[in-house]
Number of protein chains: 4
Amino acid sequence: MQLKKRQLAIVEAALRLTASGGLGNLTVKKLAGELGVTEPALYRHFLNKSEIVKAMIGSFESVSDEVFVRIESEGVRGLSAVELFVKNRFQIVLKKPALSKVMFSEEQFIDEPEYSSLLLGMMHRHKENLCRMLREAQADGTVRSDIRLEMMFRLIFGPVRLLIKQWGMSQQGFDLLKTGDEMWEDLRKILSSGKERVGDEKTDH
Amino acid sequence: MQLKKRQLAIVEAALRLTASGGLGNLTVKKLAGELGVTEPALYRHFLNKSEIVKAMIGSFESVSDEVFVRIESEGVRGLSAVELFVKNRFQIVLKKPALSKVMFSEEQFIDEPEYSSLLLGMMHRHKENLCRMLREAQADGTVRSDIRLEMMFRLIFGPVRLLIKQWGMSQQGFDLLKTGDEMWEDLRKILSSGKERVGDEKTDH
Amino acid sequence: MQLKKRQLAIVEAALRLTASGGLGNLTVKKLAGELGVTEPALYRHFLNKSEIVKAMIGSFESVSDEVFVRIESEGVRGLSAVELFVKNRFQIVLKKPALSKVMFSEEQFIDEPEYSSLLLGMMHRHKENLCRMLREAQADGTVRSDIRLEMMFRLIFGPVRLLIKQWGMSQQGFDLLKTGDEMWEDLRKILSSGKERVGDEKTDH
Amino acid sequence: MQLKKRQLAIVEAALRLTASGGLGNLTVKKLAGELGVTEPALYRHFLNKSEIVKAMIGSFESVSDEVFVRIESEGVRGLSAVELFVKNRFQIVLKKPALSKVMFSEEQFIDEPEYSSLLLGMMHRHKENLCRMLREAQADGTVRSDIRLEMMFRLIFGPVRLLIKQWGMSQQGFDLLKTGDEMWEDLRKILSSGKERVGDEKTDH
DNA sequence: GATGAATGAGAATTCATTCAT
DNA sequence: TATGAATGAATTCTCATTCAT
């Protein structure tokens, strides 16, 4: 169900509030204030606060999915697809900091069963997508084969998440895109198959 | 400031509540109920709720520090020290799940400036310790030198955190210790210096 | 003031809502929902909610009056008229359960002065009509004369109301028409003048 | 569970509010105002508003039961027991008008499933008690045997209820005790067994 | 070391109603 | 004849905290 114009404005305001102060800062009153209306007005557009939060999560999902669509349509495969996905993470965070701050703190939602299933589903889909790409990369020999796919997913996504969190906690204190690129280079080093890597090292000397 | 007996009991109850339902589940009323006393009773032992939360954080810090003390006293160094630290993380999580669930969700605290500085300091100390160990490991040649220390910290700690989070979100659905050991093996593979690794690969064939 | 078609539909929806959940279930929002329109639409047809409630009461009155018109036009008198009235009560309840459930719970309205006078007037007219019939019945000897009219009204109408209430509270758990007929037989027994009754008893032996 | 002193005061205030304006007049705010405290204070004594309402119902039940205890302990039986019960109804109403006004309007509660079962249970117990007494009265010949017990219950209790309701709706406009006594005399007339009644009628002529 | 009673602030939500279109 | 957007007032309830005992 597509969000209407007014609903979109509400979700955006909700994201702003949540980004600056966590879910605890997202109250109907503040949300109404942010939009310059009274509280009951919101209930014309959403059944209740939960629906607003769910819409926030949904909005993150659709932004996230864009990159998969692009990867699909452009026919990118293997390690290049992983690279696209990883770098896209950082771009999303930069383009929609509110959205990102909210979504990379699943813990806030995880205790509310109403939200957690939504989130778990989304995370699972991401993992499936990434694992598929990694399988291709192992098959074509660009990625080492001595690490299981699921673990490899953690080796990639764990650092990505940590970097984003550090960026958020440092009050955007460094260039996320640049450090993200560096991280990708290092990820490629540690994940690439042996032959490639030996070659890489040679040029280092 | 050492916690007295009664304070300890309160902090433990607080950890239990926070573990099952997030910080939002930690209310003075529930805390009192958990302990079988009335709310005002708690104010005999802590100035206010904030102090209780801070004591929670502090209790995590002291548990965390134990491993550093051990590493120091036993004279462990380099990659072995990192290994001890990483595996200790998983052991802590298993031994004190409440504590862990709470502490590996910094986001919950990060929006309250009162808590976030405490946490940031703690995280910074951990990073410093780890980086020191990694520097030693690079120096003695057990760990590759083509990755900067800070990034290497992320490459190690990111996956560790993600694994712990997955374990929590999966309702303890897998053997954390076993998967943790596997993760460490893979971490060693990707971090070890070239020569070693080439050797590893030979044995694989 | 005759209700127009749209007004009638609104009153009927209002009756349905009130029947299933009491006056507390009658909100403008639900009423609009029941009719598939938005709330402001209702204000095209009624000045405010009060007018809708009053129309509900009025609609009960007109249904109630039908039996008096019939009694009048058919020239029925005395105990037979009372019988017609009483049995008509049960028929109304069956035919328009919503209407009945609402109207036999005057308490719901009685605390709102705006409605209570309407209701009191209606109840008073019913009592007057019934007392007139009973007077005729006492005059022609079919009904005992040792009980004052007003009290006799209570002795008849009290049980009738209680039966209807029991039927409603039992979720329509019994055959109201049949039990109503039985009640009328018993009412006739206790109200009939002595001679008749002695005769009745003889046949019992 | 016996009510504590403070709880009793709250229930009494709640009864006052409900008596003057129906359940709709019973809001936590008004209740707090009536007691001269703030709203949250009430939640120290009752879990929620529902519990207060239930306590109201319970308080009516205990007052109601007193008469049964008395009847039992004094060994009253048959029609005399019924008389005691009926007249006690009127006395209760006079002594605790708030309580009565509330309780003789079950409709207000009947739509809330939470309350209705409580009420239905109570009404059922009253009916059982009355029917037992009436059975004794039929057995000893003081009450006519040509009417089934359940119907006889309605013939007695229906008028009693209606009288109480009329008294309430008339703003206590008549002497309930006196009219109640008259009603009982008439009830006795219509319910007494034939022989008695023939005698009564003789004196009428 | 604890309780009973209370509070001010604020939470989410529902209500009947209005107004411009 | 209706809608979309909004509102003021009210609702029940929870929060951390205080204070006298």
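Chain letters run A, B, ... following the sequence lines, proteins first, then strands; residues in each count from 1.
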Please give, in whole Å, the distance from [N] [atom2] to [X] [atom1]?
X: D/F46; N: E/dG4; atom1: CZ; atom2: P; value: 16 Å
X: D/I52; N: F/dT11; atom1: CD1; atom2: C1'; value: 14 Å
X: D/L35; N: E/dA5; atom1: CG; atom2: C1'; value: 13 Å
X: D/L42; N: E/dG4; atom1: CG; atom2: P; value: 17 Å
X: C/K29; N: F/dA5; atom1: NZ; atom2: C1'; value: 13 Å
X: C/L23; N: E/dC15; atom1: CG; atom2: C1'; value: 14 Å
X: A/L31; N: E/dT13; atom1: CG; atom2: P; value: 12 Å
X: B/K49; N: E/dA9; atom1: NZ; atom2: P; value: 19 Å

Heavy atoms from C-beta onward define the side chain here; which of [options] lies closest to that of [X]?
X: C/T38; options: F/dT17, E/dA16, F/dG4; result: F/dG4
X: C/A41; options: F/dT7, F/dA2, E/dA6; result: F/dA2
X: B/N48; options: F/dT17, E/dT7, E/dT13; result: F/dT17

Handout entry: All stems with DNA chain F, defined as three or more consecutive Watson-Crick or G-U pairs under 3.5 Å
Key = E:2-21 with F:2-21
Distance-minimising heavy-atom pair for [X] and [Y]:
X: A/V11; Y: A/A55; answer: CG2-CB, 3.5 Å
X: B/T27; Y: B/K49; answer: CA-NZ, 4.5 Å
X: D/L23; Y: D/T18; answer: N-CG2, 3.7 Å
X: B/A19; Y: B/A98; answer: CB-CA, 3.3 Å
X: A/L35; Y: A/A9; answer: CD2-O, 3.8 Å
X: A/S59; Y: A/L15; answer: OG-CD1, 4.0 Å

Problem - Of C/S50 and D/K4, the one whose closest DNA chain E nucleotide lies more 5' - result: D/K4
Practice task
Let me know, please, whether A/L26 or D/V37 comes out on the 5' side of the other along DNA chain E by nearest nucleotide.
Solution key: D/V37
Exercise for the section: Give a yes/no answer on whether the side chain of D/H45 brings an N or O atom under 4.0 Å of OP1 or OP2 in E/dG4. Expected result: no
Handout entry: Atom pair CD1/CE of B/I57 and B/M122 - distance to nearest 0.5 Å
Key = 7.5 Å
Fill in the blank from the handout: In this structure, NZ of B/K30 is separated from CG of B/N25 (nearest 0.5 Å) by 4.0 Å
Exercise for the section: Please confirm whether the backbone N or O of B/L31 pairs with a side-chain atom of B/E34, one donor and one acceptor, at under 3.5 Å? Expected result: no
List every contact pair, protein side and nucleotides 18-21 of chain F side both N or O, where the distance is under 3.5 Å.
none

Practice task
Output all residues satisfying side chain to side chain contact (heavy atoms under 4.5 Å, CB included) with B/E12, sequence neighbours left out; order by chain, then residue number.
Solution key: B/L8, B/R16
List the atom pairs, donor and acceptor, that lie under 3.5 Å between side-chain atoms in residues 36-46 of chain D and the rest of the protein, sequence neighbours left out.
residue, atom, partner, partner atom, Å
D/R44, NH1, B/E39, OE1, 2.9
D/R44, NH2, B/E39, OE2, 3.1

Exercise for the section: Sequence neighbours left out, what passes side chain to side chain donor-acceptor pair (under 3.5 Å) with C/K29? Give chain and number order. Expected result: none
Problem - Of residues 9-18 of chain D, the positions that come close to DNA chain F - non-hydrogen atoms, cut-off under 4.0 Å - result: none
Fill in the blank from the handout: DNA chain F nearest-nucleotide lookup for A/R6 and B/K30: closer to the 5′ end is A/R6
